Amino acid sequence: SCDWRFERFTMDDGLSRAVQHTFVRLYTEGLVYRGDYLVNWDPDNQTVLSNEEVDTVERPGSLWTVRYAVVDADGQDTGEFLSVATTRPETIPADTGVAVHPDDDRFRHLVGQRVRVPLTDRLVPVVADDAIKMDFGAGALKVTPGHSEIDFEIGRRHGLPTLSILNPDGTLNELAGAYAGLDRAVAKKQVVADLDAAVLLAKTEAYTVQTPVSSRSGAVIEPLLSPQWYVSMKPLAEKALAAIHTGEVAFHPARWKNEMVRWLDEGRDWPISRQLWWGHRIPIWYPTRDDGSRDEAAFAVSIDSPGAGYVQDDDVLDTWFSSWLWPFATLGWPEAGGDGKPMPAMQAFYPGSVLVSGYDILGIWISRMLMAGLHFTGEVPFRDVAVTGMVKDKLGRKMSKSLGNGIDPLDMADQYGADAVRFTLATLCAQGQDIKLDPSGFEGGRNFANKLWNAFNVFGRFLETDADAHPTTDVGPMPDPATLVEQWIATRFAETVAAVDEALGKYRISEAAQTVYDFVWRDVCDWYLEVAKPLPGEPMDARTLAFSVGLYENVLRLVHPFMPFVSEELWWKLRPRPAGQALAAAAWPTPGATFPEEAATFASVQEVVGAVRQIRAQYSVAPSKRIEAEVHVPDEAAAEALDRLAGATVTRLAGLSTLRVGTSMEKPPASAAVLVGRMAVFVPLAGTIDLDAERARLNKEIDAKAGFLRSVEGKLANETFVSRAPEAVVAVERQKAADAAAQIEALRATLADLG
RNA sequence: GGGCCUUUAGCUCAGCGGUUUAGAGCGCUCGCCUCACACGCGAGAGGUCGUAGGUUCAAAUCCUACAAGGCCCACCA
């Protein structure tokens, strides 16, 4: 159940306070710093983006080969040119070097020399760096540290200066000389034209460019040198990695553990300042000078204003900087309770047991909650991470606005019912695999909800109710299982609870849902209720009614997590209850007593009934027509048990007029036969039996059994199997062979009897 | 380039480290408006488990390679 007292919004006062506190604390610890680095700059939104907010898309573009003139010690052209390939000629004015690979014999003699940056008078060095790919383009790279991450690294390794020629709005600045003021796209064309005119353009090739774009605005991202606030992630990631390796945090399915380790291992610092108008403001304050300008160097870090004359930084924090505190900031952290201990809610609910999440936010959110939890509270925020797949459309595509393939769960709830939607999704979400969702799939869930409702009516219509259909008298506690079918359903219930418990314990939600579904439909409805319901026009006896109500109560407990609304509604129809005793607050069921022998007997009842039904279908016997049947069983005890405990049941469910059970009765003439286990079921069909059809059917049956027998005998003939397989396994195979042989024998006898 | 996932019935998928000649839902076939439910009931058809090897008494299941499809990360200037 949800505890709505803890509903929170990240912009609430308490959480805002926690966010500010976190920033100040990390700053004090030296884990938050301001640095000039290349950031992903979105020129449209004029903000920095984290790597997670940047998508790489392929766009058609060009690869230009540009000739850089080599100069001598005096700066005079030597007549030699060094060719460089680039997709971004507009950044040439920001070049501060050219790099080649140290092993590249073509350029070895040029390393240490200087070249002239095209369209400028600047001379820059040729350096050798391992990062250069000799076989790409011209084999040499123009180094533009101010506008490329790799170049930034190369520049740093070789002490090259960093020039930035871009304005925040995507136009070129005064360092770009003649190109100042032009938009980057316009400048690109202009530079190419000028290079061509200067005979410095060696080649233009069509080329697919990997283009970084903003996942927010779609704008092409510019790597831009900019002062931003960062969190040092290494120290935080180390704690998280340790917790993962010791198993303090476990992932389900386990493969996501590796994914998480990969995320944490990267250890790249986290840019947290954003130039957006909405968010938690950075708790940085600048003193204002007399002229009204800010003294950015003399900033103070503080939740509240340090005093008059200070203005707060306009930047806000990345949304995840508040989200990563979610597991504990929602519980009152960092405020303390009265005695200096954590808030009572923290003590009660932290750490959490499980976090359920889609894999798409594993790196951006889950990993950070882990780090924040360990760093700020000293404990993991959750012990298990259950990773689910993503819901895709029925063709397997991500849902998106542009494709218009989104499926609104509220629409689906309107159409099929909330329980139907919930249940269907539960059955579909197998072990973190993506779900290809076809809305028509919700029909299955709807049908199940309907089935639950109708099944209630089988016995519910015998309950005394008031005008509002609320029960007025309590049928009393559930009696102990006494009849064969009750003992069987009690056994099946116990098995089902155990299976559901196990599945849920492993976060196998779909398996749990499927198990519940099968139990309700296949066992409760198809068999228990069919046996328990009275004949038309007759009442249900009080004991059966009490058992049915008790059983259904247990069924509803099991169903409730998957279909909360229908189950709750039915819960109140079972017996009068004091207000507040909702199913939502009821105990989860426990397995209860089992009756293995009786359950096995009932299983053979099911087989006998199935056999008769098979014959009825085969001979198109009208459902309303009562027919006779004989069941031959191997021993007296079994015959007695079947006859006494289940004779009436079989008669009813199979639509029989009479049922005879015996050990060695004479086979009825002209009868259809079906073998089930070590029993034989005969249905005399004098007059209606089609001898040819029955012979064909028996032959088919014999063939199938013979095939089975051959495979089993094949195993048994294999000496290594008999000698090396566990004894029990061999014994089972021997039994199977014996049974199959006996069945074939019986079928042949029946066939012979047909004449 | 690195990593991961998927491949089982016409469709969508289970089958959780081995053992009743492979299961479900939908669809399909046959018969039923049997007084809880036609959103239902009963009976069926349908699969050499992507390919090729290997391990084993035994492989859809474990190992290797390959093929096809998909995802994530990095990235080629």
Side-chain angles (χ1 to χ4, degrees), chain A residues 51 56 63 84-88 99 131-133 135-144 148-151 207 209-210 253 255-256 258-259 262-263 266 359-360 362-363 389-390 392 394 396 398 416 420 424 427-428 430-438 440-441 443-461 502-503 506 508 510-511 514 517-518 525-526 529-530 533 535-537 609-610 613-618 620-624 655 704-705 707-712 714-715 718-726 728-730 732-733 735-736 739:
Chain A
N51 287 325
T56 304
L63 182 65
V84 162
T86 181
T87 58
R88 308 214 53 198
I132 307 308
K133 295 198 162 94
D135 55 356
F136 185 86
L141 170 74
K142 73 187 199 65
V143 183
T144 320
S148 155
E149 207 161 315
I150 301 189
D151 293 18
Y207 188 70
V209 183
Q210 306 289 326
R255 65 187 152 90
W256 292 109
N258 300 328
E259 190 77 9
R262 222 165 285 133
W263 270 98
E266 256 184 47
Y359 58 77
D360 56 332
L362 228 42
M390 310 291 293
K392 307 283 183 69
K394 67 176 167 186
K398 242 181 195 168
Y416 299 97
T424 302
T427 59
L428 291 175
Q431 281 299 287
Q433 294 298 333
D434 284 350
I435 296 171
K436 283 193 222 169
L437 187 61
D438 182 344
S440 68
E443 284 174 12
R446 179 201 59 189
N447 295 353
F448 186 46
N450 191 47
K451 189 75 176 175
L452 271 174
W453 186 268
N454 285 318
F456 161 77
N457 281 327
V458 175
F459 58 91
R461 63 199 154 113
E502 195 191 345
K506 295 178 184 165
R508 294 174 183 273
S510 64
E511 192 179 309
Q514 193 62 50
Y517 178 94
D518 286 341
C525 292
D526 286 355
L529 289 176
E530 288 299 332
K533 74 178 175 188
L535 294 168
V609 170
R613 284 173 174 171
Q614 198 182 321
I615 292 166
R616 295 187 78 112
Q618 174 76 22
S620 301
V621 178
S624 54
K705 296 278 188 215
F708 175 68
L709 181 59
R710 268 198 303 279
S711 84
V712 176
K715 273 189 208 173
N718 185 344
E719 267 179 48
T720 41
F721 169 70
V722 177
S723 61
R724 302 182 70 164
V729 173
V730 178
V732 167
E733 292 301 318
Q735 187 61 59
K736 284 197 287 192
D739 288 352

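Not measured: the values here are computed from a predicted model. In what follows, chains are A, B, ... by sequence order, proteins preceding strands, each numbered from 1.
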Does A:Lys533 reach the side chain of A:Phe459, with side-chain heavy atoms less than 4.5 Å apart? no

Without swapping roles, check the side chain of A:Arg616 against the backbone of A:Gly655 for a donor-acceptor pair under 3.5 Å. yes

Can you check the distance between B:A38 and B:U20, where both ends of the measurement are the C1' atom (answer in whole Å)? 35 Å

Any A:Lys451 side-chain N or O less than 4.0 Å from OP1/OP2 of B:C41: yes

Does B:A60 have a Watson-Crick or wobble mate here (both distances under 3.5 Å), and if so which one? none

In terms of side-chain heavy atoms of A:Thr720, which of B:C57, B:A36, B:C76 is nearest? B:C57

Checking A:Asp434 side chain against A:Met390 main chain: does a donor-acceptor pair fall under 3.5 Å? yes

Nucleotide nearest A:Gln614 (side chain, heavy atoms from C-beta), chosen from B:G40, B:A43, B:A77: B:A43

B:U56 versus B:U64 - spacing of their C1' atoms, nearest Å: 16 Å

Of B:U12, B:U20, B:C39, the nucleotide closest to the side chain of A:Lys436 is B:U12

Is the distance from OP1 or OP2 of B:A77 to the nearest side-chain N or O of A:Tyr207 less than 4.0 Å? yes

By nearest nucleotide on RNA chain B, pick out whichever of A:Gln618 and A:Val458 is the more 5' one. A:Val458

Distance, C1' atom - from B:G44 to B:G70, rounded to whole angstrom: 37 Å

Sticking with atom P, work out how far B:A58 lies from B:G1, rounded to a whole angstrom. 39 Å

Comparing A:Arg461 with A:Lys715, nearest RNA chain B nucleotide closer to 5' gives the residue A:Lys715

For nucleotides B:A22 and B:A9, find the distance between their P atoms and express it as a whole number of Å. 14 Å

Nearest-nucleotide pick for A:Lys736, side chain only, options being B:C32, B:C37, B:U20: B:U20

